[in-house]
**Q** 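Structure provided below as structure tokens; questions to follow.
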4 protein chains.
Amino acid sequence: MSTPQARRKPRTDAERNRDRVLEAARALFAESGHDVQMSEVARAAGVGVGTLYRKFPTREALIEAVADHWAAELAEAARRFAGDPDHGLARYLRHVGEVLAGDRGMSEVIERAMGSAEPRGETREELLAAIAELIGLARERGTVGPEVTAADVNMVICGLAAVIRNAAGDWRRYVEVSLGGLRPR
Amino acid sequence: MSTPQARRKPRTDAERNRDRVLEAARALFAESGHDVQMSEVARAAGVGVGTLYRKFPTREALIEAVADHWAAELAEAARRFAGDPDHGLARYLRHVGEVLAGDRGMSEVIERAMGSAEPRGETREELLAAIAELIGLARERGTVGPEVTAADVNMVICGLAAVIRNAAGDWRRYVEVSLGGLRPR
Amino acid sequence: MSTPQARRKPRTDAERNRDRVLEAARALFAESGHDVQMSEVARAAGVGVGTLYRKFPTREALIEAVADHWAAELAEAARRFAGDPDHGLARYLRHVGEVLAGDRGMSEVIERAMGSAEPRGETREELLAAIAELIGLARERGTVGPEVTAADVNMVICGLAAVIRNAAGDWRRYVEVSLGGLRPR
Amino acid sequence: MSTPQARRKPRTDAERNRDRVLEAARALFAESGHDVQMSEVARAAGVGVGTLYRKFPTREALIEAVADHWAAELAEAARRFAGDPDHGLARYLRHVGEVLAGDRGMSEVIERAMGSAEPRGETREELLAAIAELIGLARERGTVGPEVTAADVNMVICGLAAVIRNAAGDWRRYVEVSLGGLRPR
DNA sequence: TATGAATGAGGCTTCATTCAT
DNA sequence: AATGAATGAAGCCTCATTCAT
């Protein structure tokens with residue numbers, strides 16, 4: 001019984017490198033938005049530019065990937081809060097605000113993820129689905145208006161990102177106003 | 001009788017040039033967002049780059065000016081709708097939506113105008129003041145909640161711009177949701 | 001009667017710069033073929049890369065221009081030798097050989113000029129016309145075969161360029177052989 | 001009886017790999033000239049880049065090898081036509097034309113093979129020898145001029161490659177003209 | 001004061017070659 | 001010996017800004 005599972009490297013170096021790059025990009029974007037140089041990202045990830053380009057053949061592709069990653073996180077969070085039909089949505093939006101506010105520049109990218117200019121497949125669908133689940137129960141309980149859709153919440157988040165990114169005011173107020181608009185009546 | 005006509009000229013050539021540049025910039029930004037080249041703007045304005053730089057010493061300054069201009073227009077509109085205490089705000093936000101939606105890329109710039117990253121003087125104050133006036137009467141009439149401030153509306157507009165720019169969904173719904181959140185109760 | 005012609009600058013600085021770039025490119029190409037870096041050309045011309053790119057928006061365009069220039073010179077030479085119906089062609093081909101041999105890398109570019117992969121307008125036509133003129137009289141005098149066309153000579157020159165560029169042998173022999181093939185009978 | 005089958009294998013895997021690479025390179029060069037990437041060649045050959053580099057330590061070495069291969073083929077063809085002292089040379093040059101014309105990009109490489117920029121050993125010698133043989137008999141028969149050397153024919157082929165590669169005209173005419181020049185008188 | 005040519009730092013991307021597995 | 005991920009030096013080109021005329 002020699003631990004055979006130990007044998008299968010859980011992730012190859014290549015995979016690990018991809019993650020390092022993604023992680024580094026996320027960190028840099030968080031600080032300065034997505035106008036960071038590719039070489040910066042590479043340096044921060046501790047790899048050569050070539051490697052970076054092997055993983056993400058284009059600047060655009062990298063940004064996309066980061067956006068996807070963040071969208072996935074938002075989806076994940078939505079699922080977490082789905083258990084609380086009474087206050088889930090409110091807690092979710094506040095949570096999103098905290099995350100965005102703590103991650104200067106994430107909002108910059110997240111807007112793209114929310115937009116649908118070009119059909120950006122799965123992750124976006126996943127996020128909308130998660131939000132749909134989140135408001136499903138709440139709608140039954142009457143916590144949110146019956147006409148509210150996942151797309152509505154999506155737009156609110158998109159707006160929230162903009163508000164935070166531009167420091168347009170106290171984003172907590174924005175969240176409360178939006179929640180008010182989503183409530184029945 | 002000292003050259004009266006020279007006097008009469010309401011605007012000097014210099015002033016006229018400034019306006020032509022601003023106008024051209026607005027038009028170009030409307031089409032393609034503010035990633036237009038300075039030389040493009042100059043060409044469209046029918047002046048040399050040098051002249052452009054004389055009027056706006058920096059790309060940044062030009063964008064700022066355009067943003068200011070738009071902010072002024074929004075302020076002007078706010079004043080127009082201030083006369084209607086019952087539906088003024090609703091009509092105003094819908095109007096803003098129409099304008100932003102019709103002017104691809106204006107939203108891009110307007111977000112900056114709404115934000116306060118760097119305190120950008122008068123125009124912003126003017127806009128906030130106009131909005132304050134707009135909601136002042138409404139608040140008295142109970143059309144909007146008593147706790148609603150001009151800053152809140154400002155944020156809603158900022159969000160609206162983002163929603164439109166990113167085609168994040170049906171912006172009319174966004175407006176209605178926001179209006180719902182601004183109503184009392 | 002103040003020399004008014006002195007007024008019209010014969011060539012603007014801009015035009016002069018274009019020539020300097022072209023000249024520099026020609027010199028560098030002569031040494032090392034057309035795999036020189038754009039920045040090298042710029043430096044050699046004493047201008048910034050930006051200027052170079054203003055004159056020739058693309059590496060390709062620059063090479064094209066140089067090729068054109070050389071083709072024009074060959075055309076000019078053809079016209080010069082057209083006056084000698086008996087030995088003009090022979091003297092011309094020998095002259096071309098000298099020029100190509102003395103200008104390492106010109107042959108590299110001239111091949112393109114002779115080829116017709118993409119219809120490269122005027123200059124090529126001009127060269128063919130000049131060659132046609134060159135062989136016209138000779139054909140009448142019976143110095144070259146009646147079936148010989150400008151295109152034939154063109155091909156010979158193209159081959160000559162290759163022979164010289166690749167140091168494939170004694171190019172003077174190549175010229176004599178070709179001349180033999182162009183003679184009547 | 002020491003593993004006889006292992007012995008029998010006419011070529012080791014390593015040898016087979018070398019051939020696969022060479023074959024792939026030839027095919028790719030034929031399509032697109034020798035500006036193909038090393039990784040392309042490797043992929044086409046079904047081996048890793050590492051293997052490719054083990055066989056040909058340098059891009060240059062690979063091209064050289066392909067050139068050699070083609071030169072060997074031309075030599076082989078020359079020997080085949082050597083049996084026909086009357087029309088051998090003509091048939092040979094036409095044959096070479098056909099081959100080059102059918103193999104876009106081979107001409108690109110063949111020029112190098114014909115050139116002697118760097119003394120490139122055996123194969124070139126072999127080719128010159130084969131051509132010498134080809135014209136030897138013809139010279140005796142008076143089909144080609146007495147002063148014609150293998151080097152002359154070599155140059156003609158080099159030129160032919162250039163003519164074809166640059167689509168400089170009807171290469172069949174070029175061949176006929178050259179043949180004319182090689183004939184006695 | 002207007003012009004537009006010139007500037008050159010900086011950004012993105014490619015690809016021959018190396019090297020750890 | 002084979003593999004293919006990693007490397008990073010180049011190279012092409014853009015564009016905000018300056019400056020001579």
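Here the structure is a predicted model, which means the values were calculated and not measured. Note on naming: letters A, B, ... go to the chains in the order of the sequence lines (proteins, then strands), and numbering restarts at 1 for each one.
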**Q** Quickly work out the B:Tyr53 OH to E:dT1 C1' distance and round it to whole Å.
**A**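 Atom OH in B:Tyr53 sits about 18 Å away from atom C1' in E:dT1.
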**Q** Give the rounded distance in Å between these two atoms: NE2 of A:His34 and C1' of E:dG11.
**A**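 In whole Å, E:dG11 C1' and A:His34 NE2 are 16 Å from each other.
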**Q** On DNA chain E, nearest-nucleotide positions of A:Pro57 versus D:Gly50: which is more 5'?
**A**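 On the 5' side of the pair lies A:Pro57.
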**Q** Atom CG of B:Leu62 to atom P of F:dT17: distance rounded to whole Å?
**A**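 Value for this atom pair: 11 Å.
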**Q** Should D:Val21 and D:Thr51 count as side-chain neighbours, where that means a heavy-atom distance under 4.5 Å?
**A**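 Counting from C-beta outward, D:Val21 and D:Thr51 never come under 4.5 Å.
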**Q** Answer yes or no: is there an ion pair linking C:Arg20 with C:Glu23, defined by an N-O contact shorter than 4.0 Å?
**A**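 Salt bridge between C:Arg20 and C:Glu23, a charged N being under 4.0 Å from a carboxylate O: no.
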**Q** Take the protein atom CZ of D:Arg54 and the nucleotide atom C1' of E:dT18, then report the distance between them rounded to whole Å.
**A**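 That distance rounds to 13 Å.
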**Q** Could you give the CG-to-C1' distance, from C:Leu52 to F:dG11, as a whole number of Å?
**A**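 It is 13 Å, rounded to the nearest whole Å.
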**Q** Would you please say whether a donor-acceptor pair under 3.5 Å links the side chains of C:Glu60 and C:Thr58?
**A**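 No pair is found: no donor N or O on one side chain lies under 3.5 Å from an acceptor on the other.
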**Q** Ignoring backbone atoms, test whether B:Asn17 places a side-chain nitrogen or oxygen under 4.0 Å from the OP1 or OP2 oxygen of E:dA2.
**A**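 Yes.
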**Q** Are the side chains of B:Met38 and B:Phe56 in contact, using a 4.5 Å heavy-atom criterion?
**A**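 In short, these two side chains do not touch, never coming nearer than 4.5 Å.
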**Q** Taking the side chain of B:Thr58 as heavy atoms from C-beta outward, which of E:dT17, F:dT17, E:dA5 is closest to it?
**A**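 Closest nucleotide to the B:Thr58 side chain: F:dT17.
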**Q** What is the distance from CD of C:Glu15 to C1' of E:dA6, rounded to the nearest Å?
**A**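 One finds 16 Å between C1' of E:dA6 and CD of C:Glu15, rounded.
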**Q** Any idea which heavy atoms bring C:Val41 and C:Ala24 closest together, and the distance?
**A**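 That would be O-CB, 4.0 Å.
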**Q** For residues D:Ala72 and D:Thr123, report the shortest heavy-atom separation together with the two atoms involved.
**A**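 Heavy atoms of D:Ala72 and D:Thr123 come nearest at N-CG2, 3.7 Å.
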**Q** I'd like to know if D:Arg43 and D:Glu40 make a salt bridge, using a cut-off of under 4.0 Å between side-chain N and carboxylate O.
**A**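 D:Glu40 and D:Arg43: salt-bridged.
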**Q** In the strands shown, is E:dT21 matched to any nucleotide by a Watson-Crick or G-U wobble pair with both distances under 3.5 Å, and which?
**A**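 Here E:dT21 is engaged in a pair, and the nucleotide opposite it is F:dA2.
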**Q** How would you label the contact of D:Arg59 with the nucleic acid (heavy atoms, under 4.0 Å): base, sugar-phosphate, or nothing?
**A**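 Result for D:Arg59 = sugar-phosphate.
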**Q** Go through residues 35-46 of chain A and report each residue with a non-hydrogen atom lying under 4.0 Å from DNA chain F, sorted by number.
**A**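 Those residues: none at all.
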**Q** Between C:Thr51 and E:dA5, is there a side-chain N or O to OP1/OP2 distance below 4.0 Å?
**A**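 So the side chain of C:Thr51 is outside the cut-off, no N or O lying under 4.0 Å from OP1 or OP2 of E:dA5.
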**Q** Looking at F:dA5, I'd like to know if its phosphate oxygens (OP1 or OP2) sit under 4.0 Å from a side-chain N or O belonging to A:Lys55.
**A**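 No.
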**Q** Write down the distance between CZ (D:Arg18) and P (F:dA1), rounded to a whole number of angstrom.
**A**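 That distance rounds to 14 Å.
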**Q** Nearest whole angstrom, please: distance from the P of F:dC12 to the CZ of C:Phe56.
**A**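 Whole-Å distance recorded here is 15 Å.
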